[in-house]
Amino acid sequence: MTNQDTEQNRRKTMMNLMHEDLARAQMSARLGEAQQLRRGRQQVALRRMSRKAEQAARQARLALARAM
């Protein structure tokens, strides 16, 4: 193998490593975005359940007040 071949192999290896690093960074960013979306959906669902629970409590208090 000549010096030129060795240098080309090093360049190819470096390019491959850079592409792998970029792919890892992109995957990490996508996973982070997915987690944020999941958390947002969970918060919306929790707020909805909380409102339903508050409404049920109001209805129960009103029914109790009417029964007295």
Side-chain angles (χ1 to χ4, degrees):
M1 232 197 224
T2 66
N3 255 356
Q4 190 175 8
D5 290 339
T6 303
E7 192 59 35
Q8 283 179 342
N9 283 341
R10 282 186 190 147
R11 274 192 231 121
K12 285 181 185 177
T13 300
M14 287 302 292
M15 288 300 291
N16 286 338
L17 290 174
M18 287 174 22
H19 288 300
E20 288 175 11
D21 284 345
L22 178 60
R24 268 190 223 97
Q26 289 173 339
M27 183 60 71
S28 178
R30 287 189 190 124
L31 287 172
E33 290 170 7
Q35 287 173 341
Q36 283 181 327
L37 287 172
R38 236 178 277 123
R39 277 194 296 268
R41 287 187 196 118
Q42 286 174 342
Q43 287 176 345
V44 168
L46 288 172
R47 274 190 231 116
R48 191 176 298 130
M49 287 190 309
S50 176
R51 282 194 299 267
K52 285 183 180 182
E54 289 170 4
Q55 183 180 7
R58 278 193 304 272
Q59 289 174 350
R61 284 193 299 271
L62 181 60
L64 182 62
R66 285 181 179 160
M68 292 184 154

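Position 1 is the first residue of the sequence; numbering continues from there.
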Quick check for you: to the nearest 0.5 Å, what is the distance between [X] atom [atom1] and [Y] atom [atom2]?
| X | Y | atom1 | atom2 | value |
| --- | --- | --- | --- | --- |
| L31 | M27 | CG | CE | 6.5 Å |
| R41 | R38 | CZ | CZ | 8.5 Å |
| Q55 | S50 | CD | OG | 11.5 Å |
| D21 | H19 | CG | NE2 | 11.0 Å |
| L46 | R51 | CG | CZ | 11.0 Å |

Under the salt bridge (charged side-chain N to carboxylate O under 4.0 Å, His left out) test, which residues partner E20, sequence neighbours left out? R24
Taking only residues two or more places apart in sequence, or in another chain, which ones meet E7 in a salt bridge (charged side-chain N to carboxylate O under 4.0 Å, His left out)? R10
With a 6.0 Å cut-off (strictly less than), is the heavy-atom count around CD of Q26, excluding the residue itself, greater than 12? yes
More than 12 heavy atoms of other residues, nucleotides or ligands under 6.0 Å from CG of N3: is that the case? no
